[in-house]
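Beneath this line is the structure, given in structure tokens, with notes to follow.
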Protein chains: 2
Amino acid sequence: MARRSDHSREELEELALRTARKIVESEGAQTLTARRLAGDIGYTPGTLYHLFGSMDGVIYRINAETLEKIKEEIAPLHKRKPAQDIPADIHKMAAAYINFAHTHRELWLLLFNTQSAEQPPAWYVEKIEESFSPLEEVMKPLYKKESELKLAARALWSAIHGICYLEITQKGPMRKSRQNATEMAKYLITSFLNGQDRAKA
Amino acid sequence: MARRSDHSREELEELALRTARKIVESEGAQTLTARRLAGDIGYTPGTLYHLFGSMDGVIYRINAETLEKIKEEIAPLHKRKPAQDIPADIHKMAAAYINFAHTHRELWLLLFNTQSAEQPPAWYVEKIEESFSPLEEVMKPLYKKESELKLAARALWSAIHGICYLEITQKGPMRKSRQNATEMAKYLITSFLNGQDRAKA
DNA sequence: CTCAATAATTAAACATTGTTCAATTATTAG
DNA sequence: CTAATAATTGAACAATGTTTAATTATTGAG
């Protein structure tokens, strides 16, 4: 029997999540099972249920970390100085997002390509909202009305995400290299921003 | 024992697929299991494996039908006469797509929100490609180069899909009514097309 | 018509899965 | 030291997709 004094509850949770992330990264989401994860940390499935309530609970925690990582990669691409090249920043963010999806393919798939029986907990929905904020921040100077900013930022980000998703899952009509998603995003963003300017002029 | 002479192989496949579709539509993808489907058509799981090879095989067949339906709803929205209002047609198509996703929610989720162990068969990949063709058709007059047409059409369609996907799965930052996805798509398309015109001028 | 060959269908079994829970073991408090 | 408490386990459940040998139905040849 694993001794409780080996780790505090927090340490044990961290150990479990770290190990779970490793399993997903190296062997894909399918291999993340209760018995496998429990075995890898030297405990039994019951302990995971004690800590996380369910396997979906584990997955939501991993996904929250992934959302955090994505945000961390994207947020710093916007230098706060005024008079910046906003389109350039947006292009950078989109490229970074697509790049993240490719370099952390399995984690990204766990985030967007799995279905859970449980409703997402409130703190998780919050995390999702936050992950969209960097783009909104960058685009802020382009809009007078808060409502239009929100609409524009979310539409654009969803669009970039859609391009990325269909490429990675192969559920869309693009079977070639990663060049395509980045290229498509670039094209979309350029046209979109052009159109925005024009509507304002 | 179900008697083979009750249906020809084709009839039996059709019966199975029709029943499977009904199960998904009314109770969601989770309830489409081998035993359930077999029971509903008066056979046993083994027969399904005889017909479709695997449960993924069944799902690919249903999804192919769904892709067909989507195409049928979208394709006729483009009247072939010249001097048409192309942007209007694109808006109609996007709205129809999002509407389909809502009115056939479960089938649409089966198509885009499930993960299969098997690689999609060639005929299925073909179906995916085809489903994108109507938009490409409409946008054709806007581009001289075939390559740019393909890039633009796929980027735009993926974008619309992304907006739709994040709304329906609630994996993006939109928790309100269906109005949002349609509204976002409208906004995106308008800006995108504006930007395209401008780049050409 | 008979009966062997063939094809479809079934029943039962397997290996996995997530999950629950009473029993067991370790830790803490008094 | 002992009683209360908390963590951990092991075993069990129900359900899943899938395989396969045995069974049943159909067909075709003599």
Side-chain angles (χ1 to χ4, degrees), chain A residues 1-17 19-20 23-24 27-63 106 109-110 113-121, chain B residues 1-17 19-20 23-24 27-63 106 109-110 113-121:
Chain A
M1 184 169 173
R3 326 191 95 252
R4 136 165 56 161
S5 54
D6 286 350
H7 322 86
S8 71
R9 169 157 188 156
E10 280 71 28
E11 286 173 339
L12 191 49
E13 285 187 4
E14 274 177 38
L15 171 63
L17 290 175
T19 308
I23 292 172
V24 172
E27 300 170 59
Q30 290 82 9
T31 60
L32 180 64
T33 68
R35 287 167 181 82
R36 166 69 191 278
L37 175 55
D40 279 17
I41 62 174
Y43 285 77
T44 52
T47 298
L48 294 176
Y49 282 81
H50 184 62
L51 293 174
F52 302 102
S54 67
M55 267 298 149
D56 280 351
V58 175
I59 290 173
Y60 276 128
R61 292 281 294 270
I62 301 176
N63 284 345
E106 300 300 334
L109 284 173
L110 186 72
N113 208 32
T114 52
Q115 42 210 338
S116 71
E118 297 173 23
Q119 281 294 106
Chain B
M1 184 169 172
R3 326 191 93 254
R4 138 165 54 161
S5 52
D6 286 351
H7 323 86
S8 72
R9 170 158 189 155
E10 280 71 27
E11 284 173 341
L12 191 49
E13 285 187 5
E14 273 177 40
L15 171 63
L17 291 175
T19 309
I23 292 172
V24 172
E27 300 171 58
Q30 290 82 11
T31 60
L32 180 64
T33 67
R35 287 169 181 81
R36 167 68 193 278
L37 175 55
D40 279 18
I41 63 173
Y43 285 77
T44 52
T47 297
L48 294 176
Y49 281 81
H50 183 62
L51 292 174
F52 302 102
S54 67
M55 266 301 151
D56 280 351
V58 175
I59 290 173
Y60 277 127
R61 292 281 294 269
I62 301 177
N63 284 345
E106 301 301 334
L109 285 172
L110 186 72
N113 207 32
T114 51
Q115 44 209 337
S116 71
E118 298 173 22
Q119 283 294 104

Please report, rounded to the nearest Å, how far the [atom2] atom of [N] is from the [atom1] atom of [X].
X     : N      : atom1 : atom2 : answer
B/L37 : D/dA15 : CG    : C1'   : 16 Å
B/L51 : D/dT18 : CG    : C1'   : 15 Å
B/R9  : D/dT27 : CZ    : P     : 16 Å
B/H7  : D/dT26 : NE2   : C1'   : 16 Å
B/F52 : D/dG17 : CZ    : C1'   : 16 Å
A/L15 : D/dT8  : CG    : P     : 11 Å
B/L48 : C/dT10 : CG    : C1'   : 12 Å

Q: For C/dT9, take OP1 and OP2 only and decide whether either is under 4.0 Å from a side-chain N or O of B/H50.
A: no
Q.
Between the side chains of A/E27 and A/R36, is the shortest nitrogen-to-carboxylate-oxygen separation below 4.0 Å, so that they form an ion pair?
A.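 Counted as a salt bridge, because a side-chain N and a carboxylate O are separated by less than 4.0 Å.
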Q. Tell me, for nucleotides 15-21 of chain C in 5' to 3' order, what letter each nucleotide earns: B for a base near a protein heavy atom under 4.0 Å, S for only sugar-phosphate near one, - for neither?
A. --BBBB-
Q.
Testing the basics here: between A/A34 and A/L48, what is the closest heavy-atom pair and its distance to 0.1 Å?
A. O-CD1, 3.4 Å
(Q) Using every non-hydrogen atom in the two residues, find where B/A117 and B/D56 come nearest and quote the distance to one decimal. (A)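 Residues B/A117 and B/D56, closest heavy atoms: N-OD2, 3.1 Å.
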Q. What residues form a side chain to side chain contact (heavy atoms under 4.5 Å, CB included) with A/T114, not counting sequence neighbours?
A. A/L110, B/Q115
Q) Do A/L109 and A/V24 have side chains that get closer than 4.5 Å, going by heavy atoms? A) no
(Q) Taking the side chain as everything from C-beta on, heavy atoms only, tell me whether B/M55 gets closer than 4.5 Å to B/Y60. (A) no
